[in-house]
Protein chains: 2
Amino acid sequence: MERTHGNGPGASAPVWSSALREHGRRVTRQRLAVLDAVERHPHSSADAILAMAREDLPELTPQSVYVVLGDLTDLGMLRRFEPPHSPALYETRVGDNHHHAICSVCGRVEDVECAVGHAPCLTPSETHGMTIMIADVTYVGVCSDCAAKQHTPPSGPPQTLPST
Amino acid sequence: MERTHGNGPGASAPVWSSALREHGRRVTRQRLAVLDAVERHPHSSADAILAMAREDLPELTPQSVYVVLGDLTDLGMLRRFEPPHSPALYETRVGDNHHHAICSVCGRVEDVECAVGHAPCLTPSETHGMTIMIADVTYVGVCSDCAAKQHTPPSGPPQTLPST
DNA sequence: CATTTATTTTGAGGAAGTCACAATAAGGGG
DNA sequence: CCCCTTATTGTGACTTCCTCAAAATAAATG
């Protein structure tokens with residue numbers, strides 16, 4: 001079928017290809033499709049990534065997505081985080097120490113810069129002798145849209161947890 | 001059967017009983033056994049809690065543990081957190097805004113007071129309009145024991161992820 | 001002690017992810 | 001350009017962690 005969903009992979013493909021090679025990985029359509037999907041829709045689950053990547057590579061399988069996501073995450077090309085009561089989400093924004101804010105009503109995820117501008121959360125007061133490598137910070141709250149809906153329940157039933 | 005494993009439940013039972021009643025819950029042996037297990041071993045998984053609670057209540061079922069843990073967590077009597085690549089862990093220390101440090105080698109979990117002593121992580125720089133309710137902070141690192149073992153690999157095989 | 005109904009148990013089932021092995025295709029040499 | 005090696009993907013079964021509905025049990029109350 002024709003590509004009616006905007007720009008297919010290929011826009012950032014050269015960048016991903018060289019990055020993969022630099023990590024000693026072969027450049028496969030599966031990896032490119034996954035990387036492209038994650039880049040176009042950050043904070044996506046493996047399931048959502050599969051669906052998006054299949055727009056360009058219909059024969060892609062769930063298992064391959066899991067394998068690719070795991071490998072690229074270990075490589076540092078992707079970042080994974082696991083919100084409570086949700087499957088793992090992935091994003092291409094790596095290297096900086098940014099955090100995430102999740103709306104407990106609709107499940108929407110936003111990036112959040114580190115609080116005091118320079119990784120204060122990486123310096124806990126007492127580490128019990130542990131050498132801290134990373135600080136995973138997740139804010140949970142209610143986004144403005146959902147807050148408005150909560151106060152004026154017009155038609156839809158009140159949701160309690162994210163579904164997608 | 002006699003109680004040979006030290007102090008059974010009953011030490012803090014009166015406290016838990018009144019707390020349960022204050023929340024409009026009936027005082028059952030299952031709930032007391034779960035609460036006692038979590039109090040004795042903080043940062044335990046549902047599975048571990050089941051095993052511990054069964055020392056005093058052998059007929060306790062996994063499903064009951066899940067139900068009780070979920071309900072008590074919603075009530076605020078327990079706190080749940082979900083480390084990456086691990087089932088949910090529970091603790092009785094609630095109300096304060098403390099965080100957790102996890103050893104990525106052995107899976108050990110330690111409590112960590114909030115970084116700058118007064119919930120700095122609750123104040124992200126940019127919230128995209130979200131009203132932040134809670135900040136979940138998880139530090140991942142290597143504890144001193146595992147760091148020592150890493151440098152001197154004497155006999156045991158090198159572990160990579162927590163198992164219990 | 002009897003009654004009410006919250007709680008637990010029983011049993012099935014689902015979501016998310018893993019593992020082993022066969023099939024495929026990317027990259028390098030000729 | 002074709003072949004070969006082996007990384008990668010696909011296939012299929014399986015595990016873990018957890019949830020749901022309905023029947024059985026046991027707190028709390030009078």
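Chain A is the first sequence line, chain B the second, and so forth, proteins listed ahead of strands; every chain is numbered from 1.
Note that CE of A:M130 and CG of B:D145 are 9.5 Å apart. Values are rounded to the nearest 0.5 Å.
Rounded to an integer number of Å, the gap from B:R80 CZ to D:dT19 C1' is 12 Å. Distance CG (A:L72) to P (D:dA7): 17 Å, rounded to an integer number of Å. Straight-line distance from the CZ atom of A:R25 to the C1' atom of C:dG28: 18 Å, rounded to whole Å. In this structure, CG of A:L50 is placed 15 Å from C1' of C:dA15, rounded to the nearest angstrom. The distance between atom CG of A:D71 and atom P of C:dG17, rounded to the nearest whole Å, is 16 Å. Separating the CG atom of B:L32 from the P atom of C:dT7 is a distance of 13 Å, rounded to the nearest angstrom. Here C:dG27 presents its C1' atom at 9 Å from CZ of A:R21, a figure rounded to the nearest Å. The CG-P distance, from B:L89 to D:dC17, rounds to 11 Å in whole Å.
Residues A:E110 and A:H100 have side chains not in contact (no heavy-atom distance under 4.5 Å, counting atoms from C-beta outward). Side-chain atoms of A:V34 and A:L50, non-hydrogen and from C-beta on, never get closer than 4.5 Å to each other.
Between A:E113 and A:R93 there is a salt bridge, since at least one side-chain N of the basic residue sits less than 4.0 Å from a carboxylate O of the acidic one.
Between B:Y66 and D:dC18 there is a side-chain polar atom (N or O) within less than 4.0 angstrom of OP1 or OP2. A sub-4.0 Å separation between OP1 or OP2 of D:dT9 and a side-chain N or O of A:R29 is absent. When the side-chain nitrogen and oxygen atoms of B:T28 are compared with OP1 and OP2 of C:dT8, one or more of them lie within a distance under 4.0 Å. Here A:R31 does not reach the OP1 or OP2 of D:dA7: none of its side-chain N or O atoms lies under 4.0 Å away.
Set against D:dG10, D:dC18, D:dA28, the side chain of A:L60 has D:dG10 as its closest nucleotide. Distance from the side chain of A:S64 is smallest for D:dT9 among the nucleotides D:dT9, D:dT8, C:dG17. Taking only side-chain atoms of A:Q63, from C-beta outward, the nucleotide of D:dC20, C:dG27, D:dT11 with the closest atom is D:dT11. Comparing C:dT5, D:dT9, D:dA7 by their nearest atom to the side chain of B:R26 picks out C:dT5.
Scanning both residues, A:H85 and B:E82, for their nearest heavy atoms gives N-OE2, 3.4 Å.
A:V67 comes within contact range of no nucleotide atom at all, as no heavy-atom separation falls under 4.0 Å.
Comparing A:T61 and B:A88, the nucleotide of DNA chain D nearest to each residue sits closer to the 5' end for A:T61. With DNA chain C read from its 5' end, the first of the two nearest nucleotides for B:L57 and A:Q30 is the one closest to B:L57. Of the two residues near DNA chain D, A:G24 and B:P87, the one whose nearest nucleotide lies more 5' is A:G24.
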